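Input: a single structure, listed below in structure tokens.
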Amino acid sequence: QVQLVESGGGSVQAGGSLRLSCAASEYTFSSGCMGWFRQAPGKEREGVAGIRSDGITFEAPFAKGRFTISIHSAENTLYLEMRSLKPEDTAMYYCAARRCSAGIWYPWAMPSWYDYWGRGTQVTVSS
């Protein structure tokens with residue numbers, strides 16, 4: 001059974017940085033697609049960034065230039081480096097995964113496409 005566990009959230013001031021981690025078990029990164037999502041109270045879950053099995057990455061417009069998604073295969077961990085954080089980045093952040101092949105259609109920002117989800121880690125940015 002695939003398990004995803006997020007960590008690294010916390011409270012920071014605007015302009016600060018955080019690195020979120022998603023530890024995966026029973027899952028092979030080289031044959032999967034993974035994504036980071038976030039959900040603020042009263043809002044829909046939205047895609048932050050995704051990474052395909054061949055290493056191609058995707059970011060939401062609000063994430064470009066500030067957030068970086070990466071994988072450390074040896075540690076079986078997905079990361080999200082977040083810089084220049086803003087109060088509007090405050091949300092619960094989730095990682096998601098699905099086994100996939102390189103070159104496939106990858107709707108990275110579609111929550112329903114993913115098979116596995118973590119429970120989330122809270123990020124709070126104060127002004």
Side-chain angles (χ1 to χ4, degrees):
Q1 179 72 15
V2 173
Q3 289 192 331
L4 305 174
V5 180
E6 303 93 337
S7 62
S11 297
V12 297
Q13 290 197 328
S17 301
L18 283 173
R19 186 177 76 162
L20 305 184
S21 301
C22 174
S25 60
E26 304 299 327
Y27 182 81
T28 303
F29 285 97
S30 61
S31 59
C33 296
M34 299 194 75
W36 283 102
F37 288 78
R38 69 184 187 183
Q39 188 167 18
K43 295 189 176 181
E44 293 189 353
R45 190 166 296 191
E46 63 177 348
V48 177
I51 184 165
R52 207 169 60 184
S53 55
D54 56 2
I56 301 298
T57 61
F58 306 85
E59 295 87 25
F62 65 79
K64 286 187 184 296
R66 298 192 303 129
F67 296 179
T68 303
I69 188 171
S70 63
I71 284 175
H72 194 309
S73 296
E75 296 178 353
N76 245 32
T77 302
L78 174 74
Y79 293 104
L80 183 69
E81 297 272 1
M82 303 189 296
R83 302 175 297 276
S84 301
L85 284 163
K86 305 174 182 180
E88 51 264 42
D89 294 320
T90 295
M92 185 72 79
Y93 283 72
Y94 301 88
C95 67
R98 171 174 168 154
R99 293 186 174 90
C100 69
S101 301
I104 66 160
W105 173 65
Y106 175 34
W108 71 269
M110 184 185 298
S112 60
W113 186 82
Y114 293 87
D115 292 325
Y116 308 104
W117 288 85
R119 293 191 173 189
T121 185
Q122 177 67 38
V123 172
T124 302
V125 185
S126 58
S127 57

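Sequential numbering from 1 along the given sequence is applied to the chain's residues. In what follows, every heavy atom counts, from backbone to side chain, and hydrogens, waters and symmetry copies are set aside. Predicted model only: the values in this text are computed from it and were never measured.
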Work out which heavy atom in [X] is nearest to a heavy atom in [Y]; give both atom names and the distance.
X: Leu80; Y: Tyr93; value: CD2-CD2, 4.2 Å
X: Thr121; Y: Gly9; value: OG1-N, 3.0 Å
X: Cys22; Y: Leu4; value: SG-CB, 3.9 Å
X: Pro87; Y: Ser126; value: CG-C, 4.4 Å
X: Ser17; Y: Ser84; value: OG-N, 4.4 Å
X: Met34; Y: Ile69; value: O-CD1, 4.2 Å

Query - Residues Phe67, Trp36; criterion ring-ring contact (aromatic ring centres under 6.0 Å, His included); working and verdict - result: CA-CA 11 Å; Phe67 296 179; Trp36 283 102; over 10 Å; no
Cluster overlap [X] with [Y], hydrophobic side-chain contacts below 4.5 Å:
X: Val12; Y: Val48; answer: yes
X: Trp108; Y: Ile71; answer: no
X: Val5; Y: Leu20; answer: no
X: Phe62; Y: Phe37; answer: no

What donor-acceptor contacts under 3.5 angstrom involve side-chain atoms of residues 51-59, with partners at least two apart or in another chain?
| residue | atom | partner | partner atom | Å |
| --- | --- | --- | --- | --- |
| Arg52 | NE | Asp54 | OD1 | 3.0 |
| Arg52 | NE | Asp54 | OD2 | 3.3 |
| Arg52 | NH2 | Asp54 | OD2 | 2.6 |
| Ser53 | OG | Ala102 | N | 3.1 |
| Asp54 | OD1 | Ile56 | N | 3.3 |
| Thr57 | OG1 | Glu59 | OE2 | 3.3 |

Exercise for review: Inspect the contact between Glu6 and Arg119 and indicate whether a charged nitrogen and a carboxylate oxygen are less than 4.0 angstrom apart.
Suggested key: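 Glu6 and Arg119: not salt-bridged.
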Backbone of [Y] reached by a side-chain donor or acceptor of [X] within 3.5 Å:
X: Ser112; Y: Met110; result: no
X: Tyr94; Y: Gly35; result: no
X: Asn76; Y: Ala24; result: yes
X: Ser21; Y: Ser7; result: no

Quiz item: Taking the six-membered ring for Trp, are Trp113 and Tyr106 parallel (under 30°), tilted (30 to 60°) or perpendicular (over 60°)?
Solution: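 Rings of Trp113 and Tyr106: tilted, as their planes differ by 30° to 60°.
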Handout entry: Criterion side-chain contact (heavy atoms from CB on, under 4.5 Å) on Arg45 and Trp117, from CA distance to verdict
Key = CA-CA 12 Å; Arg45 190 166 296 191; Trp117 288 85; 3.3 Å; yes
Exercise for review: Please test Asp89 against Arg66 for side-chain contact (heavy atoms from CB on, under 4.5 Å), starting from the C-alpha separation and ending with a verdict.
Suggested key: CA-CA 11 Å; Asp89 294 320; Arg66 298 192 303 129; 2.8 Å; yes
Would Glu88 and Val125 count as a side-chain contact (heavy atoms from CB on, under 4.5 Å) if you check the C-alpha gap in whole Å, the side-chain angles of each, and the deciding distance to 0.1 Å? CA-CA 8 Å; Glu88 51 264 42; Val125 185; over 6 Å; no
Close side-chain approach of Met82 to Val123, heavy-atom, < 4.5 Å:
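Yes. Closest side-chain heavy atoms under 4.5 Å.
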ask   = Considering only heavy atoms from C-beta outward, does the side chain of Leu85 approach that of Leu18 to under 4.5 Å?
value =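 Yes, their side chains come closer than 4.5 Å.
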If you measure from [atom1] on [X] to [atom2] on [Y], what distance do you get to the nearest 0.5 Å?
X: Tyr114; Y: Cys95; atom1: OH; atom2: SG; answer: 10.5 Å
X: Glu26; Y: Gln1; atom1: CD; atom2: CD; answer: 9.0 Å
X: Ser127; Y: Gln13; atom1: OG; atom2: CD; answer: 8.5 Å

Margin query: The test is side chain to side chain donor-acceptor pair (under 3.5 Å); show your working for Arg99 and Tyr116 and say whether it passes.
Written below: CA-CA 9 Å; Arg99 293 186 174 90; Tyr116 308 104; 3.1 Å; yes
Q.
Could you go through Arg38 and Glu46, starting from their C-alpha distance and side-chain angles, then the distance that decides it, and tell me whether this counts as side-chain contact (heavy atoms from CB on, under 4.5 Å)?
A. CA-CA 6 Å; Arg38 69 184 187 183; Glu46 63 177 348; 2.7 Å; yes
